[in-house]
2 protein chains.
Amino acid sequence: MNLAELKSVCGACGIRELCLPAGLSDEEVHLLDQHVAHRQSVRKGDYLYRMGDPFRSLFAVSHGFFKTVLVHEDGRGQVTGFQMMGELLGLEAIHSERQVCDAIALEDSAVCTISFEQFEELGHLMGNLQHRFNQDLSREIAREHSLMMLLGTMRSEERLSVFLLDLARRHERRHQSGDAFVLRMTREDIGSYLGIKLETVSRLLSRLHDEGVLDVHGRHIRILDRQALAHRGQDSA
Amino acid sequence: MNLAELKSVCGACGIRELCLPAGLSDEEVHLLDQHVAHRQSVRKGDYLYRMGDPFRSLFAVSHGFFKTVLVHEDGRGQVTGFQMMGELLGLEAIHSERQVCDAIALEDSAVCTISFEQFEELGHLMGNLQHRFNQDLSREIAREHSLMMLLGTMRSEERLSVFLLDLARRHERRHQSGDAFVLRMTREDIGSYLGIKLETVSRLLSRLHDEGVLDVHGRHIRILDRQALAHRGQDSA
DNA sequence: TTTGCCAGTTGATCTGGGTCAGAATGTCGC
DNA sequence: GCGACATTCTGACCCAGATCAACTGGCAAA
């Protein structure tokens, strides 16, 4: 890879339309490229950042898979999200000088790092970029509203169904099969995210398997009946 | 009130430092004032906006009290937040053309309306304003992470305690007593927000009253023992 | 190959909070 | 002030999911 290629990371990136540059013109992407992005790899199990680290940059997942965990002072933790390629990490820390949660790679991954200071300057030059970014932040707020609804009103089977369908949708956006995919996280991570215990996750997966809605082999999932999955929990016992 | 006063709403506003203009210079506030804000009153029980309404403006609560409710297609609803004076409404809709939840006044209230299109232009002129706004959005994301933690890991007594202490803190920021205040919302609203049933809210309030932690008379609350309240649920049975 | 260790599954039992019901209290329009 | 309706409180019972526990399988280090 030569210097020119390094200088045009975003422009040549396969997931450009899933990531920050979505909707920007070639020229704008070029500007974004030149000033603010470089790559960094993160090994499975490693922390991209930890609560309390100084906040300087946003990260875009280039490839791989992350989870973010909010750790309470008494040691209890809650998984607040899973991030796939094209998604941003660090949005929740902008208001602070410090990271407010942990970000951990669930497989060998890479991120594009964007100095937030430079990013704000760039947003100032490029109204379009700033507009997209406002939308990204807002979308994250709306996503979390939905999650609050999930945690506040749904029964456990519905929570898991919603989770699996969300994963399917996100895989499809990335031109990967939404019907068959591999879970990158443990049953415990899923449970934490959904506000249920890992045993319950396991039991629910077994049940959906037995009922022919899913094929479950460890972390390999195949969705056999999306309709059935979509209706789980909300009406049926 | 004459025209000059009307033209300088934010500059003269008592809650200026709690609201969007926080941290801006007098000149910047003047610019914000002149271009984009005017007031609108909302009666108790009225909708400020409904899901599906076109999104054009942000709202800042000038005085009064609101709740936002996310309504699921099957009719189930979840209260996603309560907004006091100085707080912004509509952030979750920026990414869309439409409002994604309902905003309802819980008492006679007033809001300052800010065209989002004009606001983005203004942010472009005023990096400082844009920076503050990024922080506001980020703070909202972090707030919702905490709420996910609450909904995902806490027992009901701890949820209610956290809720009351949060209300107390927000009253104090507004130079109102954090020890004695009036709840503007029903037990059902509180329960919806906290992911528990109204009967449980009622029982918990009665228990905290009996144990001398709170004084509860209908919606009038007095916190008698903050320490006890802060430790509820996490260790004790 | 053995050993140890997670991650996951499954069963038995328990319990916090949900559900249902009814009484008490507030609040608002007239 | 009075009637009507909404909100809150309290009790009795129930159940979804937590907890506790035993077991299985896969994989990595020795």
Side-chain angles (χ1 to χ4, degrees), chain A residues 43-45 67 76 78-79 104 106-107 150-164 182-211 214-221 232-237, chain B residues 43-46 67 76 78-79 104-108 150-161 163-164 182-211 214-221 232-237:
Chain A
R43 288 284 183 74
K44 178 175 175 173
K67 65 173 175 181
R76 283 177 298 180
Q78 163 101 8
V79 174
I104 299 156
L106 294 181
E107 61 183 4
L150 179 143
L151 291 167
T153 72
M154 295 183 188
R155 357 195 101 279
S156 61
E157 194 179 46
E158 191 177 7
R159 296 184 195 195
L160 185 65
S161 303
V162 167
F163 172 70
L164 292 172
V182 178
L183 298 173
R184 307 298 174 177
M185 72 296 283
T186 65
R187 304 288 193 254
E188 187 167 16
D189 286 333
I190 297 171
S192 172
Y193 183 62
L194 299 177
I196 55 184
K197 292 286 147 181
L198 70 96
E199 294 93 330
T200 303
V201 174
S202 180
R203 274 185 247 273
L204 289 171
L205 286 172
S206 298
R207 188 157 90 214
L208 290 169
H209 180 85
D210 292 347
E211 293 177 357
L214 299 177
D215 232 14
V216 183
H217 289 104
R219 298 196 181 179
H220 292 259
I221 300 286
R232 283 285 143 169
Q234 57 197 55
D235 37 26
S236 69
Chain B
R43 287 286 182 73
K44 177 174 176 176
D46 283 355
K67 65 173 176 181
R76 284 178 297 180
Q78 162 101 8
V79 174
I104 299 155
L106 295 181
E107 59 181 6
D108 289 349
L150 179 142
L151 291 168
T153 74
M154 295 183 188
R155 0 193 99 280
S156 61
E157 194 179 45
E158 191 177 7
R159 295 185 196 195
L160 185 65
S161 302
F163 171 71
L164 291 173
V182 178
L183 298 173
R184 307 297 174 176
M185 72 294 284
T186 66
R187 303 290 193 255
E188 187 166 17
D189 287 333
I190 297 172
S192 172
Y193 183 62
L194 299 177
I196 55 186
K197 291 287 147 182
L198 70 95
E199 293 94 330
T200 303
V201 174
S202 180
R203 274 186 249 272
L204 290 170
L205 286 173
S206 298
R207 190 157 87 213
L208 290 169
H209 180 86
D210 292 347
E211 293 176 357
L214 299 177
D215 231 14
V216 183
H217 289 102
R219 298 195 181 179
H220 291 261
I221 300 286
R232 283 285 143 167
Q234 57 196 54
D235 37 24
S236 69

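What you see is a predicted model, and the numbers here were worked out from it, not measured in a lab.
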Practice problem: By nearest nucleotide on DNA chain C, pick out whichever of Gly195(B) and Lys44(B) is the more 5' one. | Solution: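 Its nearest nucleotide being more 5', the pick is Gly195(B).
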
Quiz item: Within the distance-only criterion (no hydrogens, no angle test), does the side chain of Arg187(A) pair as donor or acceptor with the backbone N or O of Leu198(A) below 3.5 angstrom?
Solution: no

Quiz item: Any sub-3.5 Å donor-acceptor pair from Ser206(A)'s side-chain atoms to Ser202(A)'s backbone N or O?
Solution: yes

Without decimals, in angstroms, what is the distance between [X] [atom1] and [N] [atom2]?
{"X": "Arg155(B)", "N": "dG17(D)", "atom1": "CZ", "atom2": "P", "value": "16 Å"}
{"X": "His220(A)", "N": "dG25(D)", "atom1": "NE2", "atom2": "P", "value": "18 Å"}
{"X": "Leu183(B)", "N": "dG26(C)", "atom1": "CG", "atom2": "P", "value": "15 Å"}
{"X": "His217(A)", "N": "dT9(C)", "atom1": "NE2", "atom2": "C1'", "value": "14 Å"}
{"X": "Met185(B)", "N": "dT8(D)", "atom1": "CE", "atom2": "C1'", "value": "15 Å"}
{"X": "Arg187(A)", "N": "dG26(D)", "atom1": "CZ", "atom2": "P", "value": "14 Å"}
{"X": "Glu188(A)", "N": "dT9(C)", "atom1": "CD", "atom2": "P", "value": "13 Å"}
{"X": "Glu158(B)", "N": "dG16(C)", "atom1": "CD", "atom2": "P", "value": "15 Å"}

Quiz item: Of Lys197(A) and Glu199(B), whose nearest nucleotide on DNA chain D comes first from the 5' end?
Solution: Glu199(B)

Quiz prompt | Base dG11(C) paired with Arg203(A) side chain (donor-acceptor, <3.5 Å) | solution = yes

Quiz item: Does CD belonging to Glu199(B) count more than 12 external heavy atoms closer than 6.0 Å?
Solution: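 Buried by this count: over 12 neighbours within 6.0 Å.
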
Using a heavy-atom cut-off of under 4.0 Å over every strand shown, decide if [X] touches base, sugar-phosphate, or nothing.
{"X": "Gly191(A)", "value": "nothing"}
{"X": "Leu205(B)", "value": "nothing"}
{"X": "Ser202(B)", "value": "base"}

Quiz prompt | Phosphate-side-chain proximity, Thr200(A) and dA16(D), N/O vs OP1/OP2 below 4.0 Å | solution = no

Self-check item: Short side-chain N/O contact from Arg219(B) to OP1 or OP2 of dT8(D), under 4.0 Å
Solution: yes

Exercise. For a side chain to side chain contact (heavy atoms under 4.5 Å, CB included) with Glu157(A), tell me which candidate from Leu208(A), Ile196(A), Thr200(A) qualifies.
Key: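 One option only clears the test, and that one is Leu208(A).
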
Self-check item: Qualifying residue for salt bridge (Lys or Arg N to Asp or Glu O under 4.0 Å) with Glu107(A), from Arg219(A), Arg184(A), Arg43(A)
Solution: Arg184(A)

Quiz item: Any idea which of dT10(D), dT8(D), dG17(C) is nearest the Ser206(B) side chain?
Solution: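 Of the candidates, dT10(D) comes closest.
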
